[in-house]
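Reminder, nothing fancy here: chain letters follow the sequence lines and each chain counts from 1.
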There are 2 protein chains.
Amino acid sequence: MNENTDSTPRITLVGAGTIGLSFAVLHLQHLSDPSHLTIYDTRPDLSDYVLSTLPRYLPPSHASLAQRVHLASDLPSAVSSASIIQEQGPENVAFKTDIWASIERHAPRDALFWSSTSGIPASAQSAQMQDPSRLLVVHPYNPPHVMPLLEIVPSPRTAPAAVERTLAFWRERGRTPVVIKKECTGFVANRLAFALLREGVHLVAEGVVTVEEVDRIVETSMGPRWAVAGPFRSYHAGGGKGGLEAFFANIGGTVRGCWEDSGRENVGDGWEEEVFRQTREAYGEVDVAMRDRITKRVLEVIAEEKNRK
Amino acid sequence: MNENTDSTPRITLVGAGTIGLSFAVLHLQHLSDPSHLTIYDTRPDLSDYVLSTLPRYLPPSHASLAQRVHLASDLPSAVSSASIIQEQGPENVAFKTDIWASIERHAPRDALFWSSTSGIPASAQSAQMQDPSRLLVVHPYNPPHVMPLLEIVPSPRTAPAAVERTLAFWRERGRTPVVIKKECTGFVANRLAFALLREGVHLVAEGVVTVEEVDRIVETSMGPRWAVAGPFRSYHAGGGKGGLEAFFANIGGTVRGCWEDSGRENVGDGWEEEVFRQTREAYGEVDVAMRDRITKRVLEVIAEEKNRK
């Protein structure tokens, strides 16, 4: 199953929203022939939209490739010769179960099916499929053309070979696919991030700090630290020779104190208005292009330094 | 109160552990005269220890300064001419209340008192002081000579002028002091970080991912993202023109689903052995020097890019 399909993959993106186009940018930087990329969407202005948006995100040397991408508004023809079909449609179980059943009828028998969903597990999406073994979640961290992480979340019925092919595809492209062993609400990256967000909401609601102060704290402490060494590795280092165990022996009391203080129903109703207001007033509209440019440089510096070792 | 004390501060560090020496490194890069820095500790090998450790963390051009630092094993003389006394002794209320009472007897009347504690609020530390108005917590993110954040946590009895002087001191040195408005368990940075750690522990204990996978996920997603734009700013951007409110309108269901799934007593007993074992096996001993070198470069790149704007 592994060999010839992916050496010259034909990729069809189902859904041309922000995430779809970001994946298009990523794929175009690795495909030998841009016409091997198909973008399917039912929006009537698909061509204008893709041709005006895509080149903005491509490196200048690749901008002209956008014109050679294959655009499609008919699903059967969009998927009929694809080796990989990557879906980022509405976050809606009915939409996804329907579209996978259609795709299955028209796609080649060995094509891989990937959903970019942030919340609907493959086991729910495959409910109407004859053969759910080739469907799995490939959940990006936005935007995927910048961020290396891809959460690979098979259902219990996904074939191990489909997972292996998926991992090989992303590793070849220098990305970081991580297999999530159980389908759980929100998968892993969002669960981790939302746990911190929740504590931030709680502290803002309590008047301990403002929204902007939470961000400033994260940007000047755990953000840069965790970009280089994740939380377990960092606290393991923090324990010196005794590692994580020594870390917990030393300050486990404070850790558990924080967990107990924040573990209850501490984020109830009524925090929204204040948190939304503070965020709006602090930031207005965020310059996402600048954020992504700086994030790219951060990732480049880390890769360069880690390889230097 | 603001003017002449801090223009040529005389700083006494109480406690020469890892944090004390890291602060020494930071101060030495900003003091016009290294003999204005005093390191007090009762360890018998203080001089050998400081002279062998400090130069390793100083930039090569500053390494010789270590020899000119004033070392002291007698508290009254160590603090008698200091304008700032910065304590990083044992995390023990009795130790801290005792030592501040002694320091108060021997220090100049206008000296500022800073504790680096990660858990004992200034209001508890000042219990035996005559005048608690000049004591506050200045909690670093380790190591302080690398990480910009300083959590400034006054007690209700700390004078506003003492807070202002502290903020001015750190801002002049290009650091990021953030005032925490209420003394709460663990202050803010650790509470945020520990909330994410707790969810990580939970997911490892449930067998969803390994310790190493949690770290890899964080290092390739929210780490680099949050180094550039903290969580509120990022989710505000994620909501497009509608901002954070639109973000919650779109995927608030998943956010709350994650909160509910992780909000209960999900980290009970018995996770430690497995988590410690995985961490030990994944990392052995962490190369902290490399981590800090890369973190510095990440911070430099971010500062450079943000200034470029």
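- Looking at heavy atoms from C-beta onward, A/F232 lies in side-chain contact with B/L197 at the 4.5 angstrom threshold.
- Of residues 142-150 of chain A, those residues lying under 4.5 Å from chain B by any heavy-atom pair are A/N142, A/P143, A/M147, A/P148, A/L149.
- In this structure, the portions of B/T210 lying under 4.5 Å from any heavy atom of chain A include both its backbone and its side chain.
- Ranked by heavy-atom pairs shorter than 4.5 Å toward chain B, the options A/E245, A/K182, A/E212, A/R280 are led by A/E245.
- The parts of A/I217 that come within reach of chain B are both its backbone and its side chain, each placing non-hydrogen atoms under 4.5 angstrom from that chain.
- In this structure the side chain of B/L299 never reaches within 4.5 angstrom of the side chain of A/T220, judged on heavy atoms.
- In this structure, the portion of A/D292 lying under 4.5 Å from any heavy atom of chain B is its side chain and not its backbone.
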Salt bridge (Lys or Arg N to Asp or Glu O under 4.0 Å) evaluation trace for A/K306 with B/E219: CA-CA 12 Å; A/K306 286 194 174 170; B/E219 289 165 17; 3.8 Å; yes
Salt bridge (Lys or Arg N to Asp or Glu O under 4.0 Å) between A/R256 and B/E272, intermediate numbers included: CA-CA 13 Å; A/R256 289 193 181 82; B/E272 288 91 344; 2.8 Å; yes
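- For A/L244, the parts sitting under 4.5 Å from any heavy atom of chain B are the backbone and the side chain alike.
- Separation of atoms CH2 (B/W226) and CH2 (A/W226) is listed at 6.5 Å; rounding is to 0.5 Å.
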Check against ring pair (Phe, Tyr, Trp, His ring centres under 6.0 Å), A/F247 and B/F276: CA-CA 10 Å; A/F247 171 82; B/F276 294 161; 9.5 Å; no
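- A/V288 touches chain B through its side chain: at least one heavy atom from C-beta onward sits under 4.5 Å away, while N, CA, C and O do not.
- Across A/V255, A/I180, A/V209, the residue that shares the most heavy-atom pairs under 4.5 angstrom with chain B is A/V255.
- In this structure, the separation between CE on B/M222 and CG on A/N190 is 7.5 Å, given to the nearest 0.5 Å.
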